[in-house]
Amino acid sequence: MGRRRWSERGYALLFLGPSLALLAVFIFWPMLKTLYMSFFLTDKFGHITVFNGLGNYRSLLQDASYWASLGATLSYVAVVAVLTIVLGLILAVAAQQQLKGIGFFKTLFSSTMGISVSVAAIFWLFAFNPSVGVFAQLSQALHLPEINWLADPHFALLAIIITTVWMNLGFTFLILFGALQQVPRSLYDAADVAGVAKRTQFLKVTLPMISPTLFFVTTVTLIDAFKSFGLIDLMTAGGPSNATNLLVYRVYQDAFLNGSYAQASTESVVLTLLIAVVTLVQFKLFGKRVTY
C-alpha cells in the first residue's frame, strides 16, 4: 500500500514537475525577488546597496505623480471593464437573432481576437491622426472642433480606452455568445407561454443562466485592464503630461528607463496587492450572486 502511494506521488511529480519548475523560475522567484528588492535601495544596474525598510513605500505614497497614475489606472480599469462587458453582451445577444447576414457580423465581432497589439496600435494611430484620421474627417464633416486625441491630456486616456475595448471585445463576445447558446430554449418557451416580457426574460432568465460566464469574463477583463501595457507603449508612451502613465507603464519607466529598480519593485508589489484586493472584493460582492 505504501509503495503504491509513493508510486502515485512519483507519477504526480513526474507530470507536474516541469510545470512547477517553470512556475518557480518565471513566476515565484521573480515575485519573491521583487518583494525583497522593495525593501532596499539599488544602483542604476539593479544591484542592492542599502537596506531601506519601508522607506520606498513611504516615498511612493507621498509622490503626487504616483497618486495621479493610480487615479488614471482606476478610471481606465473601471471604464474598460464596463464597456467591454456591456458591449460584448449586447453583441452576443444581437448575434443570437435569426437575421440575414448575421454570420458575417459574428465573424466581424470576433475578428479582433486575431489582431496583434502592434497591428491594432498602428491602425488606431492612423484613426486618431489629427490630419487624415477617421475621427478628424468626421469632425470636419460634422463641423465639430478638431481634437488631437493622442496629444491632448484630456482625450489621450479616452483614446487608449477606446482602443483597449475594441481589442478585448472579440474575446468577450465569443465567450458570452457561447454561454448564451447553452441556455435551454425551453425556458424562453415557458416564459413566452406565461406572457413574460422580453426584458424580464433577459433579467430573470438570461442573466442568471450565464452568470458564471459573466463572472469569469468580468474577472479576466479587470485583471487584463490592470496589466495593460502594449497599446500605451506604442501609442502614447505614457504621455501627454503623464495622462496615460498607468501603473504598469510606470513600473516599466522607473525600472528600464530611469534605472530605479527599487522604486519599480515597490510599485510592482503595490500593484499586485491592488489587483488582489480588487479581485477579492469582486468575489465577495458578486461571487454569491452567481447561479451554478
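With ring centers used as reference points, F128 lies under 6.0 Å from F135.
T49 places a side-chain N or O within 3.5 Å of a backbone atom of L41 that can act as its donor or acceptor partner. Side chain of T200 to backbone of V196: no donor-acceptor contact under 3.5 angstrom is found.
In terms of heavy atoms, P30 sits closest to V25 at CD-O, 3.3 Å.
Residues L16 and W29 fall into different hydrophobic clusters, defined by Ile, Leu, Val, Met, Phe, Trp and Tyr side chains chained together at heavy-atom separations under 4.5 Å. Under the 4.5 Å side-chain heavy-atom criterion for Ile, Leu, Val, Met, Phe, Trp and Tyr, W166 and V86 are members of distinct hydrophobic clusters.
Salt-bridge formation is detected for the pair D63/R250: a Lys NZ or Arg NE/NH1/NH2 atom is positioned less than 4.0 Å from an Asp or Glu carboxylate oxygen.
Residues that satisfy the ring pair (Phe, Tyr, Trp, His ring centres under 6.0 Å) test with F171, not counting sequence neighbours, are absent from this structure. The ring pair (Phe, Tyr, Trp, His ring centres under 6.0 Å) test applied to F155 returns W149, not counting sequence neighbours.
Using bins of under 30°, 30° to 60° and over 60° for the plane-to-plane angle, the ring pair F177/F173 lands in the parallel bin.
Screening T163, T164, V165 for a side chain to side chain contact (heavy atoms under 4.5 Å, CB included) involving I161 leaves a single residue, V165.
Annotation for F45: atom CZ does not count as buried by contact number, only 12 or fewer foreign heavy atoms lying within 6.0 Å. Annotation for R185: atom CZ counts as buried by contact number, over 12 foreign heavy atoms lying within 6.0 Å.
Using a 4.5 Å heavy-atom threshold, the side chains of M167 and M113 count as separate.
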